[in-house]
Number of protein chains: 2
Amino acid sequence: MAAERSGGGDPARTLALLWRTPAEPKPVGRKPKVSVDQIVTAAIAVADREGLGAMSMARVAQELGVGTMSLYTHVPGKGELIDLMADTVLQERDLAAEGTWRERVKHYADRTRAVYQAHPWMRDVSMVRPPLGPGLMDGQEFVLAALADSGLEPRQVTVAHVAVEGFVHGAAASEVDDQQLAAATGESGDSWWGARQVFWDDYFDVERYPAMTALWNAGAYDTEGTLADNMRSSFDYGLDKLLDGIEGGMR
Amino acid sequence: MAAERSGGGDPARTLALLWRTPAEPKPVGRKPKVSVDQIVTAAIAVADREGLGAMSMARVAQELGVGTMSLYTHVPGKGELIDLMADTVLQERDLAAEGTWRERVKHYADRTRAVYQAHPWMRDVSMVRPPLGPGLMDGQEFVLAALADSGLEPRQVTVAHVAVEGFVHGAAASEVDDQQLAAATGESGDSWWGARQVFWDDYFDVERYPAMTALWNAGAYDTEGTLADNMRSSFDYGLDKLLDGIEGGMR
DNA sequence: TATTGTTTCCGTATGGCCTACGGAAATGGG
DNA sequence: CCCATTTCCGTAGGCCATACGGAAACAATA
């Protein structure tokens, strides 16, 4: 399937849901069996356990013990529900750190990474047209405040922000991708690569790939950790180098 | 839908397809109406036009004027077809550049970016368990050769490689995400943001978001270009800073 | 030409998905 | 009791991947 799309529908309705604008009390009419919060919570639970692909309207309704179509009374559609899910888990970040601007940016990256770890389906949510809710906005404010304290010019802050934001979400997503695939297919990344040993035996050509061969012979791939360990250290390394570059560009 | 998954199935069969290992000629039996190449080409054409979500087996078969099930004679399943599509478009990169190691890495980033631009559905293809075909491998060889010339220690080359590869694919993906959404929904990114003007009017709180407000007042968001232009310069900026950091770390 | 072995083609069927529509059911006030 | 209002949800239409097995095409042989 292609990536889950959100951000559709009527902006006013979606924003009201994201910010939980309390509709004026309606003392008249049948009592609701479920609330928006319950729907979002149930949807997150399903996606956490079985992935975003398994998060169907029918599945969520079943989880709550109501009919499928009942959900549409509270939520305009699946796209908007995904918006609500994403903003909700982004609110789980605890962004109240002190320290230098670098420490704060790294804290932000760490907390965001934790969200992806806890909710691997975030990999499948596009962030180019993000849910403009409190979860996203609080995060933006936090990073921008940190970058603004770095001494960069205002215009540079916004450019650096896009780069940092892109790196953090991208790295967290690809790190989590492995786990998500492991859960979905029942095969770990290490085992997947192991099963592709045939490739090195039957297809790899040392003459076509001299640089890779040289690195291999130099022991560059003799790592002790698992695939997940390596992806974790690459995340930290890449962010460090990016911040080094941003810092260096200020001089 | 969640991200399209590939890399499943029997490794030996998939590798044989990726490297087009010619099965021994079969002069006996009914003549095939379609070839693997035709199927892959048709699938890419559909995905280019209508996105990976529209690339169904039925749709591809229709494109070729054959029955849906005929495809399964030549390709094990949809996952493997996506593997073949991805490796095929990665082969479109022309990676024969001269220059310093930095110039070559930037050339690689530029060519990879071009692939995503031409085939936006690549955003939806996971690269954590990549198709081990010539398209992917030639790219890896090219970057590793460049990084190995930078003077980094072998072990450091592999770490930097993961960071660069992650950045390039991540940035190209999010850049293209916007265009893909524009094509799928018929609404451009600029127009989408315009429709969310309500947010700034009704929900944005200057006291809750002082850093954003200050940047706004400083004119940091007074850009003349389109959203696409800004994403493009962020791509270049981020890669530059990342390479600065890698270079600086060698000292 | 008729037969046989081999390969490809593809119709059918199963079980899933989202959501438009409209009627039934519940609730509080008069 | 009646009625306005709100929520609940069954049905139905049109998508999807792919397992299965028989029909059809072709080359070599008799």
Side-chain angles (χ1 to χ4, degrees), chain A residues 1-6 8-10 13 22-39 42-43 46-47 50-83 85 124 184-185, chain B residues 1-6 8-10 13 22-39 42-43 46-47 50-83 85 124 184-185:
Chain A
M1 340 168 220
E4 287 291 346
R5 296 314 179 188
S6 54
D10 173 33
R13 172 90 193 271
E24 56 275 17
K26 310 165 205 158
V28 178
R30 183 172 177 168
K31 291 262 185 287
K33 287 173 74 172
V34 287
S35 67
V36 172
D37 282 327
Q38 285 177 324
I39 293 173
V46 171
E50 304 168 44
L52 199 57
M55 196 286 289
S56 67
M57 298 302 271
R59 186 76 185 67
V60 172
Q62 188 188 40
E63 192 87 356
L64 292 167
V66 300
T68 306
M69 292 313 294
S70 302
L71 303 186
Y72 287 88
T73 302
H74 308 280
V75 166
K78 196 186 182 186
E80 289 85 347
L81 177 53
I82 293 173
D83 274 341
M85 293 166 66
D124 297 320
T185 66
Chain B
M1 341 169 219
E4 288 288 349
R5 298 314 181 184
S6 55
D10 174 33
R13 173 89 193 272
E24 57 275 14
K26 310 165 204 160
V28 179
R30 183 172 178 169
K31 290 260 187 287
K33 286 171 76 172
V34 287
S35 66
V36 171
D37 282 327
Q38 285 177 323
I39 293 173
V46 171
E50 305 168 43
L52 199 57
M55 196 287 289
S56 67
M57 299 301 271
R59 186 77 185 66
V60 172
Q62 188 188 39
E63 191 88 356
L64 293 167
V66 301
T68 307
M69 293 313 293
S70 301
L71 302 186
Y72 288 89
T73 302
H74 308 279
V75 166
K78 196 185 184 187
E80 290 84 349
L81 176 53
I82 293 173
D83 274 341
M85 294 167 65
D124 299 320
T185 66

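Heavy-atom basis, side chains included; hydrogens, waters and symmetry copies ignored. Chain letters run A, B, ... following the sequence lines, proteins first and then strands; every chain starts at 1.
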Chemist: Could you work out, with side-chain hydrogen bond (donor to acceptor under 3.5 Å, both in side chains) as the rule, every residue matching Arg59(B), not counting sequence neighbours?
Modeler: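 In terms of side-chain hydrogen bond (donor to acceptor under 3.5 Å, both in side chains), with neighbours along the sequence ignored, Arg59(B) is linked to Glu50(B), Glu63(B).
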Chemist: Nearest whole Å is fine: how far is dT8(C) P from Leu64(B) CG?
Modeler: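 Atom-to-atom, Leu64(B) to dT8(C), this comes out as 16 Å.
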Chemist: Output yes when at least one side-chain N/O atom of Lys31(B) is less than 4.0 Å from OP1 or OP2 of dA27(D), else no.
Modeler: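 So the side chain of Lys31(B) is within the cut-off, an N or O lying under 4.0 Å from OP1 or OP2 of dA27(D).
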Chemist: Would you indicate, yes or no, if dC9(C) has its OP1 or OP2 atom less than 4.0 angstrom from a side-chain nitrogen or oxygen of His74(B)?
Modeler: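 For dC9(C), OP1 or OP2 has a side-chain N or O of His74(B) closer than 4.0 Å.
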Chemist: Does OP1 or OP2 of dC9(D) have a side-chain N or O of Ser70(A) closer than 4.0 Å?
Modeler: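 For Ser70(A), the contact criterion (side-chain N or O under 4.0 Å from OP1 or OP2 of dC9(D)) is met.
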Chemist: So which nucleotide from dT19(C), dC9(C), dT7(D) ends up closest to the side chain of Pro32(A)?
Modeler: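 Output: dT7(D).
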Chemist: May I have the distance from Arg59(B) (atom CZ) to dC16(D) (atom P), rounded to whole angstrom?
Modeler: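 That distance rounds to 9 Å.
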Chemist: In this structure, how many angstroms lie between the C1' atom of dC9(C) and the CD atom of Gln62(B), rounded?
Modeler: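 Whole-Å distance recorded here is 17 Å.
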Chemist: Can you see if the side chain of Lys33(A) gets near the phosphate of dC9(D) - specifically, an N or O under 4.0 Å from OP1 or OP2?
Modeler: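 It does, given that an N or O in the side chain of Lys33(A) lies less than 4.0 Å from OP1 or OP2 of dC9(D).
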Chemist: Among the candidates dT8(C), dA19(D), dA17(D), find the nucleotide nearest to the side-chain atoms of Met69(B).
Modeler: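 Given the options dT8(C), dA19(D), dA17(D), the side chain of Met69(B) is closest to dA19(D).
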Chemist: For the pair made of OH in Tyr72(B) and P in dG22(D), what is the distance, rounded to whole Å?
Modeler: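 In whole Å, dG22(D) P lies 21 Å from Tyr72(B) OH.
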Chemist: Can you tell me the distance, in whole Å, between the CD atom of Glu80(B) and the C1' atom of dT18(D)?
Modeler: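 So the CD-C1' distance, Glu80(B) to dT18(D), works out to 12 Å.
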Chemist: To the nearest Å, give me how far apart CD1 (Ile82(A)) and C1' (dC18(C)) are.
Modeler: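 So the CD1-C1' distance, Ile82(A) to dC18(C), works out to 12 Å.
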Chemist: Which part of the nucleic acid does Thr73(A) contact within heavy-atom distance under 4.0 Å: base, sugar-phosphate only, or nothing?
Modeler: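 The residue Thr73(A) makes base contact.
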Chemist: Looking only at heavy atoms, which two atoms of Lys78(B) and Met55(B) are closest? And how far apart?
Modeler: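 What the structure gives for the nearest pair is CE-O, 3.2 Å.
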Chemist: Between Thr68(B) and Gly29(B), which residue's closest nucleotide on DNA chain C lies nearer the 5′ terminus?
Modeler: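 Closer to the 5' end of DNA chain C: Gly29(B).
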Chemist: Checking contacts here: which listed nucleotide (dT18(D), dG5(C), dT8(C)) is nearest the side-chain heavy atoms of Arg30(B)?
Modeler: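 Out of dT18(D), dG5(C), dT8(C), the nucleotide with an atom closest to Arg30(B)'s side chain is dT8(C).
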Chemist: With sugar-phosphate meaning primed atoms plus P, OP1 and OP2, does Val34(B) contact a base, only sugar-phosphate, or nothing at under 4.0 Å between heavy atoms?
Modeler: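 If one applies the 4.0 Å heavy-atom cut-off, Val34(B) turns out to touch the sugar-phosphate alone, with no base involved.
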Chemist: In whole Å, I'd like the distance from the CG atom of Leu52(A) to the C1' atom of dC18(C).
Modeler: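 Atom CG in Leu52(A) sits about 14 Å away from atom C1' in dC18(C).
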Chemist: Mind checking Gly67(B) for me? I need base, sugar-phosphate or nothing, with any heavy atom below 4.0 Å counting as a touch.
Modeler: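 Contact class for Gly67(B): sugar-phosphate only.
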Chemist: Please report the shortest heavy-atom distance between Pro32(A) and His74(A), naming the atom on each side.
Modeler: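 Closest heavy-atom pair between Pro32(A) and His74(A): CB-CE1, 4.0 Å.
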Chemist: Specify the closest pair of heavy atoms between Gln38(B) and Leu64(B), including all atoms of both residues, with the distance to one decimal.
Modeler: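 Shortest heavy-atom contact: O-CD2, 3.9 Å.
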Chemist: State, to 0.1 Å, how close Ala42(A) and Val60(A) come at their nearest heavy-atom pair, and which atoms those are.
Modeler: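 For Ala42(A) and Val60(A), the tightest heavy-atom pair comes out as CB-CG1, 4.1 Å.
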Chemist: Rounded to whole angstroms, how far apart are CE on Met57(A) and P on dC8(D)?
Modeler: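 Checked: the CE to P distance equals 13 Å.
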